[in-house]
Every structure is written in C-alpha cells, then in structure tokens.
Protein chains: 2
Amino acid sequence: MLTTTEKLFKIFADKNRLRILNLLLQRKMCVCELAFVLQVTQPSISRHLKRIKETGLIADEQDGFWTNYFLIKNSKAGVILKSVKSFLKNDKVIKADLERLKKAERTKLCSK
Amino acid sequence: MLTTTEKLFKIFADKNRLRILNLLLQRKMCVCELAFVLQVTQPSISRHLKRIKETGLIADEQDGFWTNYFLIKNSKAGVILKSVKSFLKNDKVIKADLERLKKAERTKLCSK
DNA sequence: TATCTATATAACCATTCTGTTATATACATT
DNA sequence: AATGTATATAACAGAATGGTTATATAGATA
C-alpha cells in the first residue's frame with residue numbers, strides 16, 4: 001500500500017498529467033484532443049494516459065476512429081482529484097486549457 | 001499554481017517522505033529519530049525534510065542539541081495529509097514504523 | 001484485401017531524483 | 001575558547017522521468 005500510494009501521488013506530481021486530469025474532469029476526451037489542448041506531442045499524451053490508467057484513475061473505450069479516455073467514478077483517488085480541482089481553479093495555464101478545450105473538436109483536429 | 005501543485009504532490013510521491021509525514025502526524029521528531037525509525041542515513045532524512053519544509057508543510061524549531069520538525073497546522077495540504085493517513089493506515093511498513101517509533105528516544109539514539 | 005488514420009510503443013537524450021559517503025556548520029557544554 | 005554532538009551540505013553514482021522523433025499496431029473504410 002505504501003508503494004501504491006507512492007505511485008498514486010506520482011501521477012499527480014507532473015504538470016501535464018494534472019492538466020490532463022483537469023480536462024477529464026470536464027468531459028471524456030481522445031488523445032488528439034488532449035494533444036491539441038496541451039500543445040504536446042501525441043506520444044507524450046499517450047504515455048501519460050497509460051500511466052494514469054495503470055493507477056485505476058481512468059479508463060478508455062473505443063469510439064470509431066478514436067479512443068476516449070474518461071475518469072473512473074468512485075476511484076480511491078476521488079478525494080485527491082477534488083483537491084486538485086480546487087488547487088488549480090485559478091491557474092493561468094489551466095484557464096487557457098479550458099478555453100482551448102472549447103475549440104477541441106476531434107473531427108477537425110486529427111485530419112492530416 | 002500549477003507548478004506549486006506539481007511540487008506539492010512531488011512531496012507525497014516518495015515512499016520515505018510518506019513515512020516521515022506519517023510519523024510527524026504522531027508527534028514532532030528530530031532528525032536522528034526519523035533516521036532510526038526509517039533505517040535510512042541521516043543526510044537522506046535531512047534532505048527530505050528540507051524539501052518538505054520548502055513546500056510549507058512542516059517547520060522546525062531548535063530544542064537543545066536537536067532540531068524538531070513538526071507539521072504546520074492548517075496548511076493547504078492538510079486535506080491531502082488526511083488522505084495519506086487513511087491510505088497508509090493498514091500498511092505493513094507503516095505499522096512497523098509506528099512500532100519502532102515507540103523505541104525512538106533521542107537521548108539514547110544519537111550518542112556515538 | 002488494401003489503404004488510411006488514430007493511437008501505442010521503441011529508442012534516444014537531457015534532466016531530475018534518491019541514496020550514499022565525506023565534510024562543513026551550528027549549537028551546547030565544559 | 002575548546003570540544004563534542006546533531007544536523008546541513010557537497011559530491012557522486014545509479015535509477016527513473018519526460019519530451020521528442022521514428023516506427024509499429026489496430027481499427028475503419030473502400
């Protein structure tokens with residue numbers, strides 16, 4: 001449990017994972033949308049999501065072309081997530097993320 | 001704030017810092033007592049304490065030969081600390097720490 | 001089946017982190 | 001002032017971490 005707890009907090013100990021979790025508090029999202037909002041490469045997002053998933057905080061589902069990631073309700077870390085939300089509420093970057101989120105439409109983002 | 005939050009969670013993202021915080025939830029402690037309970041070298045403990053202190057979770061006071069470290073009440077991270085406590089409650093290592101804590105008397109520990 | 005697209009994984013580099021030993025500093029006592 | 005003790009800091013090695021580019025995989029469509 002000590003190791004488990006350590007791993008859990010490691011998830012929250014990264015700026016971009018905090019941003020990802022904050023976005024998933026809004027709605028389920030696919031990889032390319034997250035990459036667009038964070039302005040980080042797709043493989044980076046994928047790896048973060050993998051790690052978050054390993055701790056049981058999120059799950060994924062297939063949705064046509066895309067893979068949706070979403071928060072698991074009632075996870076052990078729910079309490080922490082609440083704190084995260086309130087800690088970050090007034091942050092500049094977080095606010096900018098939420099603005100960019102409005103423009104994050106997968107059908108437009110992922111065509112190359 | 002994003003960076004601050006990231007730093008805060010980094011504090012909880014280490015096994016030995018979790019053990020230290022859990023012990024400080026019991027009582028104020030000096031460096032050599034913590035080193036004794038965790039069975040880790042003194043410089044390692046000192047550095048952990050320094051980092052925890054930088055985030056405003058703990059403070060220190062001089063006590064004769066020793067430096068006592070103690071949790072700051074009403075810190076922003078209080079909520080998290082509560083979760084930590086409940087997460088770790090039943091952990092083997094944590095329980096063993098609490099047992100060893102009973103034998104941690106600075107006057108006996110630190111004489112070489 | 002062949003092709004296209006979103007996502008996952010691999011490999012690499014730079015940075016950060018933790019533990020250790022060795023050493024410096026600061027406080028107490030004589 | 002001098003000495004002894006607890007703690008802090010420095011320097012180092014090994015492991016882990018995050019970002020990137022390149023490549024593989026899996027699902028959808030034609």
Side-chain angles (χ1 to χ4, degrees), chain A residues 2-3 6-21 24 28-55 58-70 93 104-112, chain B residues 2-3 6-21 24 28-55 58-70 93 104-112:
Chain A
L2 185 55
T3 306
E6 186 188 22
K7 280 183 189 166
L8 176 64
F9 281 113
K10 268 193 211 300
I11 292 301
F12 295 105
D14 176 85
K15 211 189 295 189
N16 286 338
R17 281 193 293 268
L18 287 171
R19 294 170 74 194
I20 289 172
L21 289 168
L24 292 182
K28 53 176 68 176
M29 296 184 70
C30 71
V31 178
C32 71
E33 288 172 329
L34 286 166
F36 167 75
V37 175
L38 297 212
Q39 318 226 61
V40 165
T41 58
Q42 170 265 311
S44 183
I45 300 288
S46 279
R47 195 170 52 183
H48 281 311
L49 288 169
K50 187 182 179 187
R51 293 198 182 154
I52 302 175
K53 188 181 164 191
E54 281 166 2
T55 68
I58 61 175
D60 62 309
E61 70 188 353
Q62 206 62 28
D63 174 26
F65 272 106
W66 298 280
T67 307
N68 279 327
Y69 283 86
F70 54 91
V93 176
E105 274 183 65
R106 59 188 67 184
T107 51
K108 291 176 185 172
L109 290 177
C110 299
S111 51
K112 288 173 190 170
Chain B
L2 184 56
T3 307
E6 185 188 21
K7 280 182 190 167
L8 176 65
F9 281 113
K10 267 194 211 303
I11 292 302
F12 296 104
D14 176 85
K15 210 189 296 190
N16 286 337
R17 281 194 294 268
L18 287 172
R19 294 170 73 192
I20 289 173
L21 288 168
L24 292 181
K28 53 177 66 176
M29 296 185 70
C30 71
V31 178
C32 72
E33 288 172 329
L34 286 165
F36 166 76
V37 176
L38 297 211
Q39 317 227 62
V40 165
T41 58
Q42 170 266 311
S44 182
I45 300 288
S46 281
R47 196 170 50 185
H48 280 310
L49 288 168
K50 186 182 180 186
R51 295 200 176 150
I52 301 175
K53 189 182 164 188
E54 281 167 1
T55 68
I58 62 175
D60 61 309
E61 71 187 353
Q62 206 61 28
D63 175 26
F65 272 106
W66 298 279
T67 306
N68 279 327
Y69 283 86
F70 53 91
V93 175
E105 274 182 66
R106 60 188 65 184
T107 51
K108 290 176 186 173
L109 290 176
C110 301
S111 51
K112 289 171 190 170

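In the text below, chain A, chain B and the rest are named by the order of the sequence lines, each starting its count at 1. Hydrogens, waters and symmetry mates play no part in the numbers below; they use all other heavy atoms, side chains included.
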Enquirer: Quick one: A:D60 CG to D:dG27 C1', roughly how many Å, whole number?
Expert: 14 Å

Enquirer: Could you tell me how far apart B:W66 (CH2) and D:dG4 (P) are, to the nearest whole angstrom?
Expert: 17 Å

Enquirer: Looking at side-chain heavy atoms only, is the closest gap between B:R47 and B:P43 below 4.5 Å?
Expert: no

Enquirer: CD1/A:I45 to CD/A:Q39 distance, rounded to the nearest 0.5 angstrom?
Expert: 10.5 Å

Enquirer: Rounding to a whole Å, what distance do you find between A:R106:CZ and C:dT7:P?
Expert: 8 Å

Enquirer: Any heavy-atom pair between the side chains of A:M29 and A:V37 that's under 4.5 Å?
Expert: yes

Enquirer: Does the side chain of A:C30 come within less than 4.5 Å of A:N68's, by heavy atoms?
Expert: yes

Enquirer: Quick one: are A:E6 and A:L2 in side-chain contact, heavy atoms under 4.5 Å?
Expert: no

Enquirer: Taking the side chain as every heavy atom from C-beta outward, state whether B:I58 and B:I20 have any pair of such atoms under 4.5 Å apart.
Expert: no

Enquirer: Who passes salt bridge (charged side-chain N to carboxylate O under 4.0 Å, His left out) against B:R19, sequence neighbours left out?
Expert: B:D97

Enquirer: Starting at atom CD1 of A:I20, determine the distance to atom P of C:dT7, rounded to an integer number of angstrom.
Expert: 13 Å

Enquirer: Can you tell if the side chain of B:F12 reaches within under 4.5 Å of the side chain of B:L18, non-hydrogen atoms only?
Expert: yes

Enquirer: To the nearest Å, give me how far apart CD1 (B:I52) and C1' (C:dC17) are.
Expert: 14 Å

Enquirer: Under 4.0 Å from any atom of DNA chain D, heavy atoms only: list the residues of residues 30-38 of chain A that qualify, in numerical order.
Expert: none

Enquirer: Using a cut-off of less than 4.0 Å, is there contact between a side-chain N or O of B:K50 and OP1 or OP2 of D:dT9?
Expert: yes

Enquirer: Any side-chain N or O of B:Y69 below 4.0 angstrom from OP1/OP2 of D:dA6?
Expert: no

Enquirer: Between atom CG in B:N68 and atom P in C:dC27, what is the gap in whole Å?
Expert: 15 Å

Enquirer: Quick one: ring pair (Phe, Tyr, Trp, His ring centres under 6.0 Å) partners of A:Y69, sequence neighbours excluded?
Expert: none

Enquirer: Under 4.5 Å between any side-chain heavy atoms of B:K28 and B:D63, yes or no?
Expert: no

Enquirer: Could you run down nucleotides 11-24 of chain D 5' to 3' and tag each one B, S or - for protein heavy-atom contact under 4.0 Å?
Expert: ------SBBBBB--

Enquirer: Would you mind reading off the distance between B:D63 atom CG and D:dT7 atom P, rounded to a whole angstrom?
Expert: 10 Å

Enquirer: Can you list everything that forms a side chain to side chain donor-acceptor pair (under 3.5 Å) with A:T55? Sequence neighbours excluded, please.
Expert: none

Enquirer: When the axes are fitted on five pairs at both termini, how much does the helix from C:dT1-D:dA30 to C:dT30-D:dA1 curve, in 10° steps?
Expert: 30°

Enquirer: B:F65 side chain: which of D:dG4, D:dG27, D:dT9 is closest?
Expert: D:dG4

Enquirer: Using whole Å, report how far CZ of B:F9 lies from P of C:dC17.
Expert: 17 Å

